[in-house]
Amino acid sequence: MNERTVSHAYGADDPGLPSPPAVTDIRHTLREQSRNASANAEPRLGPTVPAAVRRWKLWLLTVCGIYPTIVLLGLATNPVLEDLYLPVRLAVLVPAAAAAMVWQINPRLQRHFGAWLTR
């Protein structure tokens, strides 16, 4: 859009109408409104930060959860998968064990041992 179209749209040719607003004036006004709003806002409390989990304890808890899971899944699926090569058997066992760990075992272990993990 050219300047003549903008000024005609705002009625700059008519002395009774206001002139078109300058873009810098609008930016300045918005900036001031933003500063005033943030200055008058009440301070918000952020989300609580959980205590740091000791990584070695989380590792130990994961090992204690995954070993029996893999052993039980291996025993349960051995009659069906015994004729397959080891990499194929593991391709079945690992996703099943990971799903069990993520959605069932780890949440229960962390709920039960949560206080110990952060000590």
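Listed by chain and residue number, nothing satisfies the side chain to side chain donor-acceptor pair (under 3.5 Å) test with Gln110 (two or more places apart in sequence, or in another chain). Qualifying side chain to side chain contact (heavy atoms under 4.5 Å, CB included) partners for Ile105, counting only residues two or more places apart in sequence or in other chains: Thr69, Ala100, Met101, Leu109.
Val63 and Val102 sit in two unconnected hydrophobic clusters of ILVMFWY residues. Membership requires side-chain heavy atoms under 4.5 Å apart, directly or through other members. Residues Leu58 and Leu60 are members of one and the same hydrophobic cluster, defined by side-chain heavy-atom contacts under 4.5 angstrom among Ile, Leu, Val, Met, Phe, Trp and Tyr. Criterion: ILVMFWY side-chain heavy atoms under 4.5 Å apart, direct or through other members. Under it, Ile66 and Leu93 are not part of a common hydrophobic cluster.
Hydrophobic cluster membership for Leu72: none, as no Ile, Leu, Val, Met, Phe, Trp or Tyr side chain comes under 4.5 Å of it.
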Without placing hydrogens or testing angles, list every side-chain donor-acceptor pair under 3.5 Å for residues 73-86, not counting sequence neighbours.
unit_1	atom_1	unit_2	atom_2	d
Thr77	OG1	Leu73	O	2.7

Just distance, no hydrogens or angles: give the donor-acceptor pairs under 3.5 Å from side chains in residues 111-119, sequence neighbours left out.
unit_1	atom_1	unit_2	atom_2	d
Thr118	OG1	Ala115	O	3.2

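A side chain to side chain donor-acceptor pair (under 3.5 Å) check over residues 96-108, counting only residues at least two apart or in different chains, returns the pairs Gln104-Arg108.
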